[in-house]
Amino acid sequence: MTTTNLAITGHFVAGVPLVPTHEEIIEVYSPLDGALIGAVPSASVGTIHQAVAAAQKAFQAWSKVPVKERVQVLFRFKSLLEKHIDELSRLIHLENGKTVAEGRAEIEKGIEVLEFATSLPQIWDQQNLEVSNGVSCQYERYPLGVVLSIVPFNFPAMVPMWTIPIAIGCGNAFVLKASEQVPMTAVRLGELLAEAGLPAGVYSVLHGRREVVEQLIDHPGIVAVSFVGSTKVAKAVYQRGTALGKRVLALGGAKNHLVVVPDADPEITAKNVVASAMGAAGQRCMAASVLIAVGDTQPIMDRIVEETRKITVGKDIGSVISHAAKARIEGYITRAEEAGYKILVDGRGATVAGKESGAYVGPTIIEGVLPGAECACDEIFGPVLSVIRTNTLDEAIAIENANPYGNAAAIYTTSGAVARYFSERANAGMVGVNIGVPVPREPFSFGGWNDSKFGHGDITGMDGVRFWTKLKKITTKWTAEAAKNWMS
Ligand code: NAD
């Protein structure tokens with residue numbers, strides 16, 4: 001494909017694609033083989049105004065549709081996602097580089113959030129209480145208005161699906177700022193929502209980078225912002241939005257620690273640790289990044305290395321997102337080697353036959369790392385596991401507790417007491433026991449702690465409902481006197 005015949009995926013505004021001729025074009029490359037696969041326009045101020053105005057108009061009607069009717073669109077959307085799951089999985093594979101199976105898994109996880117949102121009529125606040133004689137109080141839940149969601153590259157469908165169904169089901173009009181690295185899946189979701197009967201303007205997609213994000217946050221028509229991405233940007237988005245008095249929830253990066261103790265089941269532990277660290281080429285905010293091996297765990301470590309070596313790049317794991325990411329990840333491995341750490345399994349220079357221009361990094365294990373080492377502290381966001389050795393579980397917990405992030409932490413043990421001891425002390429919002437990617441399943445909510453999240457509450461589950469709505473409290477006095485003194 002040349003730049004002259006690029007297939008441009010437009011913004012999705014007022015229910016239709018929009019490709020303004022004057023906007024800068026962002027090219028999209030597949031990290032699988034480096035091919036130019038498309039392009040998107042970068043939203044100008046005019047396009048942002050147009051999208052927000054269309055969303056504001058749509059909100060007027062959509063917010064008044066009863067929640068029981070709004071979720072009917074979500075039921076139809078679910079059927080369409082299931083019908084198109086192969087096509088969507090391949091699109092995610094193409095633009096993100098993960099395997100088709102991983103693309104499918106993220107759609108299935110997104111569908112779980114959608115299923116939760118279809119239960120909104122059952123969980124909508126219905127409390128009505130007589131608070132004193134003849135006086136009752138009741139809650140009424142209202143949508144916020146036009147809301148913004150800014151999403152990262154690593155889950156083109158699942159992360160948008162954390163917010164779309166709940167925010168829309170609650171009656172908001174929703175603007176998604178897609179990742180410029182994987183912009184096409186977000187637009188395809190819009191087409192399917194339209195097919196499901198969602199009124200035009202309730203879901204919009206805008207493309208672009210930092211400037212577009214900032215203009216959207218600053219837009220007076222945007223009343224709430226959710227963000228998922230790196231910690232540096234999450235913090236900036238949180239500060240910018242809250243300074244304007246907007247409701248903001250910003251999820252950031254992670255450095256997840258897994259602790260293995262000697263009584264862990266070698267087979268289960270090895271398979272699970274490797275799946276956590278290397279799956280999706282390590283580009284998950286819940287991926288294992290540091291393994292703390294407590295005491296004599298050598299037989300388990302040997303199994304972990306064996307499992308890691310079984311992974312075929314290009315088959316079991318896909319590419320990383322770009323050549324820039326590959327260079328950054330390989331830089332971490334090289335500097336760890338230069339610092340004297342042993343590279344037990346080395347994924348640098350990985351290639352896939354026939355896809356020599358792809359951005360591949362193989363599974364990597366760095367052994368004997370000291371707490372405080374660069375590879376033990378920074379979010380590498382690639383298939384790289386740094387192994388720290390400690391003598392005691394308390395030392396391991398202290399290392400986990402000292403890391404500034406707090407998305408996930410996990411323990412591998414066959415002892416219930418050890419599992420409980422660790423779970424109570426881990427400094428993370430999501431804890432796994434013999435589970436390396438402890439993503440809570442619906443209706444439990446998703447959200448980390450510390451530098452992995454800025455703002456209050458989690459992004460899914462009931463916290464999602466709370467984030468995307470506001471409560472009105474109505475106090476009513478019914479007395480015979482009031483009936484006589486009409487409107488007094
Ligand atoms: P990123 O922070 O670079 O980008 C995220 C979004 O912000 C994109 O839409 C991008 O266009 C926009 N953006 C980039 N720089 C910006 C800036 N300076 N100002 C305003 N907007 C900006 O993240 P990424 O590289 O796309 O995604 C990977 C990161 O996301 C990792 O750190 C990963 O841990 C994190 N992540 C976190 C979670 C979670 O639940 N906590 C989930 C998925 C990904």
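Keep in mind that the numbers below use all heavy atoms, side chains included, and drop hydrogens, waters and symmetry copies. Every number for a ligand or one of its atoms is a count from 1 in the order of the listing.
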Element-labelled atoms of ligand 1 that are located less than 4.0 Å from some non-hydrogen atom of Glu379
31 (C), 32 (O), 33 (C), 34 (O)

For atom 41 (N) of ligand 1, which candidate among Ser452, Ser149, Gly252 provides the closest heavy atom?
Gly252

Among all protein heavy atoms in this structure, tell me which lies nearest to atom 35 (C) of ligand 1, with the distance rounded to 0.1 Å.
Gly229 O, 3.1 Å

Start with the C-alpha gap between Glu106 and Lys109, add the side-chain angles, then the distance that decides, and say whether salt bridge (charged side-chain N to carboxylate O under 4.0 Å, His left out) holds.
CA-CA 5 Å; Glu106 75 162 277; Lys109 178 64 187 145; over 6 Å; no

Could you identify the single nearest non-hydrogen protein atom to atom 40 (O) of ligand 1 and state the distance to 0.1 Å?
Phe446 CE2, 3.1 Å

What do you reckon, does Ala236 put a non-hydrogen atom under 4.0 Å from ligand 1?
no

Please report which non-hydrogen protein atom sits nearest to atom 27 (O) of ligand 1, along with the residue it belongs to and the distance in Å to one decimal place.
Pro152 CB, 3.2 Å

Please check this pair: side chain of Asn272 against backbone of Ile268, looking for a donor-acceptor N/O pair closer than 3.5 Å.
no

Does ligand 1 have any atom that is closer than 4.0 Å to a heavy atom of Phe153?
yes

Where is the nearest protein heavy atom to atom 11 (O) of ligand 1: which residue, which atom, and how far?
Glu180 OE1, 2.7 Å

Flag this pair as yes if the NZ/CZ of Arg335 is under 6.0 angstrom from the six-membered ring centre of Tyr332 and inside a 45 degree cone about the axis; otherwise no.
yes

Report the member of Gly406, Cys285, Ala325 with the shortest heavy-atom distance to atom 42 (C) of ligand 1.
Cys285

If I take atom CZ from residue Phe116 and atom CZ from residue Phe444, how far apart are they, to the nearest 0.5 angstrom?
11.5 Å

Which protein non-hydrogen atom lies closest to atom 7 (O) of ligand 1, naming both residue and atom, and how far is it?
Phe227 CE1, 3.3 Å

Considering non-hydrogen atoms only, spot the tightest contact between Gly318 and Ala281 and give its length.
O-CB, 4.1 Å

Give the residue, atom name and distance (to 0.1 Å) of the protein heavy atom nearest atom 19 (N) of ligand 1.
Arg210 CG, 3.3 Å

Evaluate Lys235 against Asp451 for salt bridge (charged side-chain N to carboxylate O under 4.0 Å, His left out), listing each step before the verdict.
CA-CA 8 Å; Lys235 201 170 181 176; Asp451 282 358; 5.5 Å; no

Report the part of Val151 in contact with ligand 1, treating N, CA, C, O as backbone and CB onward as side chain, heavy atoms under 4.0 Å; options are side chain, backbone, both, neither.
backbone

Checking contacts now, so for atom 4 (O) of ligand 1, which I'm interested in, is there any protein heavy atom under 4.0 Å?
no

Does any N or O atom in Lys177 lie less than 3.5 angstrom from one in ligand 1, N or O only?
yes

Students should be able to answer this: which protein heavy-atom is nearest to atom 13 (N) of ligand 1, and at what distance?
Val233 CG1, 4.0 Å

Of the side chain and backbone of Lys232, name the one, both, or neither that has a heavy atom under 4.0 Å from an atom of ligand 1.
neither

Note: ligand 1 atoms sitting under 4.0 Å from heavy atoms of Asn154 are 43 (C), 44 (C)

Hey, is Asn407 touching ligand 1 through its side chain, its backbone, both or neither, going by heavy atoms under 4.0 Å?
side chain

Looking only at protein heavy atoms, which one is nearest to atom 1 (P) of ligand 1, and how far off is it?
Ser230 OG, 3.7 Å

Listed pairs under 3.5 Å, donor-acceptor, residues 150-174 side chains, sequence neighbours left out:
residue : atom : partner : partner atom : Å
Asn154  : ND2  : Gln283  : O            : 3.1
Thr163  : OG1  : Ser149  : OG           : 3.2
Thr163  : OG1  : Pro160  : O            : 3.1
Asn172  : OD1  : Leu144  : N            : 2.6
Asn172  : OD1  : Gly145  : N            : 3.1
Asn172  : ND2  : Ala167  : O            : 2.9
Asn172  : ND2  : Trp468  : O            : 2.9

When you look for heavy atoms under 4.0 Å from ligand 1, do you find them on the side chain of Phe155, its backbone, both, or neither?
neither

Could you tell me the separation between the CD1 atom of Ile222 and the CG atom of Leu244, rounded to the nearest 0.5 Å?
11.5 Å

Among Val213, Asn256, Val182, closest by any non-hydrogen atom to atom 20 (C) of ligand 1
Val213

Is the shortest distance from a heavy atom of Trp162 to ligand 1 less than 4.0 Å?
yes

